[in-house]
2 protein chains.
Amino acid sequence: MAKMIDVAKLAGVSVATVSRVLAGSGKVSKNTKEKVERAMKELNYKPNKLARNLRKLESKTIVVVIPDISNPFFTDVIRGIQQVAQQHDYYVLLGDTGNDVKAELDFIDLIKERAADGVILVTARTSPEKILEIAQEVPLVVACEYIKGAHLSMVTIDNVSSSQKVVDHLVSLGHRRIGFISGPLNVIISRDRLKGYVSGLKKHGLEQDSSLIQEGDFTISSGFESANRLLDLAEPPTAVFASNDEMAIGTIKAIKNRGFQVPGDIAVVGFDDIQIATVIEPALTTVSQPKFEIGRCTMEILLELIQNPSTRQEHVVLPEHLVIRESCGYPLVR
Amino acid sequence: MAKMIDVAKLAGVSVATVSRVLAGSGKVSKNTKEKVERAMKELNYKPNKLARNLRKLESKTIVVVIPDISNPFFTDVIRGIQQVAQQHDYYVLLGDTGNDVKAELDFIDLIKERAADGVILVTARTSPEKILEIAQEVPLVVACEYIKGAHLSMVTIDNVSSSQKVVDHLVSLGHRRIGFISGPLNVIISRDRLKGYVSGLKKHGLEQDSSLIQEGDFTISSGFESANRLLDLAEPPTAVFASNDEMAIGTIKAIKNRGFQVPGDIAVVGFDDIQIATVIEPALTTVSQPKFEIGRCTMEILLELIQNPSTRQEHVVLPEHLVIRESCGYPLVR
DNA sequence: TAAATTTTTGTAATCGATTACATTAAGGAG
DNA sequence: CTCCTTAATGTAATCGATTACAAAAATTTA
């Protein structure tokens with residue numbers, strides 16, 4: 001494999017000149033530039049990035065830490081990240097933690113080892129304090145999760161108000177007894193969505209009934225089980241709002257399983273708008289997160305932070321919207 | 001950020017000794033080893049991987065080139081890759097090409113630039129000749145796609161015989177007029193699955209009717225359209241075998257759309273066994289690929305190839321199996 | 001034409017580890 | 001007690017680029 005010195009010799013110049021041609025830093029005469037380029041082509045020269053990285057003390061790589069890559073929600077975010085990264089000649093290292101806190105911290109450590117220039121945490125299992133501490137030292141942006149009061153760059157939607165909008169919608173359809181299936185309550189977004197549900201009820205003067213609130217864990221099966229508990233109530237809800245689409249699907253399965261109709265007997269709403277939401281029957285009414293845009297935006301902020309670590313942290317709240325499909329009794333729109 | 005020389009000074013030894021402690025290469029007295037370790041801890045020292053990589057001329061990174069990360073089929077393969085990579089202290093760079101050949105080649109170039117030690121192509125858009133040529137020069141393994149007669153490491157299932165099994169199953173249920181929706185026929189696996197379908201028909205003495213074969217492109221909508229063409233036939237099929245699950249879902253939608261029942265009027269079979277297959281109604285009978293295992297196996301072969309580039313190329317064929325669910329009229333098994 | 005300025009090119013230090021080779025210390029044999 | 005072997009440690013070259021600084025060449029100005 002040819003190196004720079006080989007190119008230099010063949011072109012009859014010094015390595016510095018070759019490096020300048022490579023960097024495109026104008027200070028080379030047209031003539032020698034051509035000579036060098038010819039030599040590079042002849043030797044099929046590719047610059048060694050390991051050497052460049054060491055000299056420049058950067059890796060041109062960022063790590064995306066995600067709990068589980070096979071979750072379709074995350075892959076759209078990753079695509080957004082990847083797109084911006086590619087535009088700026090950055091590589092994306094995959095940090096699939098399998099929901100393990102230790103793995104999460106290990107991936108973050110890559111930065112201290114200079115194997116990466118920055119991290120994106122797409123949700124975090126590590127404690128807020130710890131993350132805050134880390135963010136002081138390395139370029140870090142959190143996507144999809146809001147850590148309250150933290151001096152930290154974050155890109156999210158407003159989980160509280162969007163949940164409230166769901167309640168608005170259900171109430172406007174005449175529902176007064178609305179069940180809620182939350183995510184794990186140790187996760188912040190779960191609590192925020194619950195908060196929005198509760199404040200939505202209050203806003204419409206509906207009384208809050210704790211038996212209508214069930215805790216799931218974002219899986220289809222937990223949605224199924226939580227929905228069953230709601231259906232077992234003496235007075236079951238006429239609508240169920242699940243904190244993500246998977247649980248909404250579990251809910252639909254549970255309802256159908258009892259011989260009821262969706263939306264005829266019970267309306268269902270989800271959250272996230274993953275692809276399955278359009279495929280399931282009835283197609284799911286759900287809060288659509290701008291996943292791709294979240295990824296893009298997060299990466300842009302990270303790039304800024306890498307270039308200028310003293311950039312003021314910012315919390316970007318992107319707009320979401322409620323996509324009305326069939327599962328609440330509206331005609332299919334799309 | 002402390003470097004090795006700082007640790008050396010603090011411990012009162014030379015950098016060589018520190019390096020030896022780090023490498024765990026026995027030649028250090030217990031006493032100095034402890035001194036050095038104390039110093040490392042005190043300075044919170046992390047070795048600079050950029051420097052190590054340059055010196056060792058390796059990046060400890062591999063690239064996974066995939067057409068589209070938001071396709072759930074690929075993410076399971078990636079998880080398998082990632083697991084093995086992690087076990088061997090390798091990082092996984094994400095090469096999402098968005099189905100662009102140029103991007104594919106660019107990611108492969110990362111190896112020549114020493115930014116990666118090997119590549120995994122999870123399917124390939126580049127021409128077989130080109131891939132073969134590249135594989136001579138760099139450690140490369142192809143997953144999920146079989147390139148005929150090539151001296152190339154590959155990990156796949158047997159697409160021909162598994163498709164034939166699907167026909168076997170449908171015939172055993174009494175179907176004699178079986179429609180087939182292929183993937184794009186410029187892709188090898190599409191042709192293999194078609195081949196299996198055709199030989200399956202032959203095996204059971206069924207005549208081949210070209211109007212029963214429709215070409216799709218692996219998307220839900222192409223499945224929908226292809227199925228409609230089949231339903232428009234004077235004598236429509238009683239069963240449809242789609243070359244992947246997405247197209248099978250499109251097929252189910254098309255059938256229901258005309259007021260027919262699945263499996264009552266028409267049976268449907270898919271291929272791949274992605275998560276949606278279990279969620280759709282009726283749950284899809286489909287060929288289950290060992291996606292995670294494909295990933296694991298591919299990565300293991302790549303590691304071998306990196307360590308010893310002259311390793312003989314091998315083609316591993318992993319076992320798949322037909323998962324019988326509801327879409328062909330069998331009771332739900334799972 | 002000589003001096004001043006600008007442009008182009010080259011020399012060598014540098015990034016931070018690893019490791020071949022040299023050196024010193026320690027232990028064992030005679 | 002000396003010589004030899006082995007273990008422990010240190011010195012300095014090395015990986016392949018980038019870049020500060022120096023030097024040479026070309027151009028402009030007077």
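Chain naming here is simple, since letters A, B, ... match the order of the sequence lines and numbering starts at 1 in each.
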### Query
Near DNA chain D, which residues from residues 5-13 of chain B have a heavy atom under 4.0 Å away?
B:Gly12, B:Val13

#### Entry: Residues which pass salt bridge (charged side-chain N to carboxylate O under 4.0 Å, His left out) with B:Lys41, listed by chain and number, not counting sequence neighbours
none

## Note on the structure
Sequence neighbours excluded, the answer for salt bridge (charged side-chain N to carboxylate O under 4.0 Å, His left out) partners of A:Asp117 is none

### Summary
Which of D:dA17, C:dC15, D:dC15 is nearest the side chain of B:Leu54? It is D:dC15

### Task
Evaluate the side-chain proximity of A:Pro47 to A:Met4: yes if any heavy-atom separation is below 4.5 Å, no if none is.
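The answer is no; the side chains never approach within 4.5 Å.
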
### Message
Any non-hydrogen side-chain atom of A:Arg114 less than 4.5 Å from a side-chain atom of A:Ser59?
### Response
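Sidechains of A:Ser59 and A:Arg114: no contact.
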
### Query
Taking only N and O in the side chain of A:Lys27, is any of them less than 4.0 Å away from OP1 or OP2 of C:dT8?
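So the side chain of A:Lys27 is outside the cut-off, no N or O lying under 4.0 Å from OP1 or OP2 of C:dT8.
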
#### Entry: Phosphate contact (D:dA8 OP1 or OP2) by B:Thr32 side-chain N/O below 4.0 Å
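Looking at the OP1 and OP2 atoms of D:dA8, neither is under 4.0 Å from any side-chain N or O of B:Thr32.
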
What is the distance, to the nearest angstrom, from the [atom1] atom on [X] to the [atom2] atom on [N]?
X        : N      : atom1 : atom2 : value
B:Lys30  : D:dA7  : NZ    : P     : 18 Å
B:Lys33  : D:dT9  : NZ    : C1'   : 16 Å
A:Glu113 : C:dG16 : CD    : P     : 15 Å
A:Lys60  : C:dC15 : NZ    : P     : 21 Å
B:Glu34  : D:dA8  : CD    : P     : 14 Å

#### Entry: Partner set under side chain to side chain contact (heavy atoms under 4.5 Å, CB included) for B:Val316, not counting sequence neighbours
B:Val155, B:Cys297, B:Ile301, B:Glu314, B:Leu318

### Message
Applying side chain to side chain contact (heavy atoms under 4.5 Å, CB included), can you list everything that pairs with A:Asp217, at least two apart in sequence or on another chain?
### Response
A:Pro184, A:Thr219, A:Ser222

### Task
Summarise protein proximity over nucleotides 18-23 of chain D in one line of letters, 5' to 3': B for base, S for sugar-phosphate only, - for none, counting protein heavy atoms closer than 4.0 Å.
BBB---

Which salt bridge (Lys or Arg N to Asp or Glu O under 4.0 Å) pairs, counting each pair once, include a residue from [range], with sequence neighbours left out?
range                       : result
residues 68-95 of chain A   : A:Asp76-A:Arg79
residues 45-65 of chain B   : A:Asp109-B:Lys46, A:Glu113-B:Lys49
residues 299-313 of chain B : B:Arg296-B:Glu300
residues 123-152 of chain A : A:Lys112-A:Glu137

## Note on the structure
Contacts satisfying ring-ring contact (aromatic ring centres under 6.0 Å, His included) that involve residues 97-146 of chain B (not counting sequence neighbours) are B:Tyr146-B:His315

### Query
How large an angle, rounded to 10°, do the end axes of the helix from C:dT1-D:dA30 to C:dG30-D:dC1 enclose when each is built from five base pairs?
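Rounded to the nearest 10 degrees, the bend comes out at 50°.
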
